[in-house]
**Student:** 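This is the structure, below, for whatever I ask next.
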Amino acid sequence: MELNKEETEILNGRDGNAAAKSMEILYALGEIFGAEKLIDISSVQVAGVSYNNLGDAGLEYLNNLAVDGKVKVKTMLNPAGMDLIDWKKMGIEEDFAQKQIKVIEAFKKLGIRISATCTPYLIGIEPKIGEHIAWSESSAVIYANSVLGAKTNREGGPSALAAAIVGKTPCYGLHLDKNRQAEIKVFVESNPKNEADFSALGYSIGKKIENKIPLIYGIKNATGEELKNFGASLATYGGTAIFHMDGITPNKTTIPGDSVNISKTDIADAYDFLNDREEIDFVSVGCPHASIAEIQSIAKQIEGKSVKKPFWICIARKTKEKADELGLVKPIEQAGVLFACDTCMAVSPLKNRFKCMATNSAKACFYGRGTNNFNVRLMSLEDCIKEATE
Ligand code: F3S
């Protein structure tokens, strides 16, 4: 990969150690993936924020970068391991909280916004079609590439931080149009009715096509919420970081020759796989983080009821503040629901705390099982609310 004069100077230490180290990472990545040059990016989203994932080694890495490092572009964080204000309400231990606070302080020192969300596009960071960005979290990456038409690879924590400090990323992979074209047609037989159906569809397609880029036919319409849930599931169970949906997503693509069908039986099998048939003792929605429309829907359905088991809504703090302005938070909190801001059921230390989680997200099922040792049950938002309140 060619570096220009300024980039070479940064590599040689002109802007300090953190910038030199970051340039080294970007240069190595560019060489590995055959990039010809670095390109400017307009925003970065950094994953690997929870102390649960970072541990002491990660914290030390951040502190070293923060000695003389500063981000050059708008940079946000993925969810942390706890609500950064009301962590006691979540039952988080003091030791964990203190470590998590240190992690956040290091990110702040680097000049990063403590947005702590996997849905930056719901809090005003919505890159335009064709814009180059460097985002990390798989559901945010697939949404940005597919629904917004922005261009990003799925960055790891260190490569996202390096891109933020330099303000550039190597131009390879999904930054190039030739790598964003559909590789397989997917014909969907039944139209999904809600976000849980979209999530089950993401599971079915992901399992069938693995990491190929799909061009999906047969979906008549989809809300932003349904697409965020679908993409999160597809990226989790398949591996692609972009999809095309005929008549719905904005990117142009060539039409591939190969095809697969997703039948009603495939969707029934997905629900079967994502349903452990255990008694539910925890309900959690907001994976990816909840939108205002979802909060509106919950407020309407839950007003005047009260929850009989823990019910968490995972959400960006900024989205919750907006919901509060709209008068939506009070009826939900009065029903006994907990807003878990800045975090989620997958990245907070919940291992073995509950036996079986009901959720409307297939991605949450994956992490509920894998990370937290829960049994899981996938159901619609409406059924999640019924499960918590009846
Ligand atoms: Fe977001 Fe956590 Fe789900 S990071 S996509 S809410 S697993």
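This one's a predicted model, so the numbers in the text were calculated from it and none came from an experiment. Counting starts at 1 for both ligands and their atoms, in listed order. What you see below is based on every heavy atom in this structure, not just the backbone, and it leaves out hydrogens, waters and symmetry mates.
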**Student:** Looking at E390, E387, E279, which hits salt bridge (Lys or Arg N to Asp or Glu O under 4.0 Å) with K309?
**Tutor:** E387
**Student:** Measure up the Y203 and F273 rings against each other and bin them: parallel (under 30°), tilted (30 to 60°), perpendicular (over 60°).
**Tutor:**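 Because their plane-to-plane angle is under 30°, the rings of Y203 and F273 count as parallel.
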**Student:** Quick check on the 6.0 Å ring-centre criterion: do W87 and F96 meet it?
**Tutor:**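 Between F96 and W87, which both carry aromatic rings, the centre distance is not below 6.0 Å.
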**Student:** How about atom 2 (Fe) of ligand 1, which protein N, O or S atoms come within less than 2.8 Å?
**Tutor:**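 Result, waters dropped: C344 SG.
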**Student:** Just which atoms of ligand 1 are under 4.0 Å from any heavy atom in G286?
**Tutor:**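 Contacts of ligand 1 toward G286, numbered from 1: 6 (S).
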**Student:** For the pair F33 and Y172, name the ring-plane relationship: parallel under 30°, tilted 30 to 60°, perpendicular over 60°.
**Tutor:**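 Ring orientation, 0 to 90° scale: parallel.
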**Student:** Hey, is E137 close enough to R154 for a salt bridge, meaning N to O under 4.0 Å?
**Tutor:** no
**Student:** Name the orientation class of the two ring planes belonging to W135 and Y121 (parallel below 30°, tilted from 30 to 60°, perpendicular beyond 60°).
**Tutor:** parallel
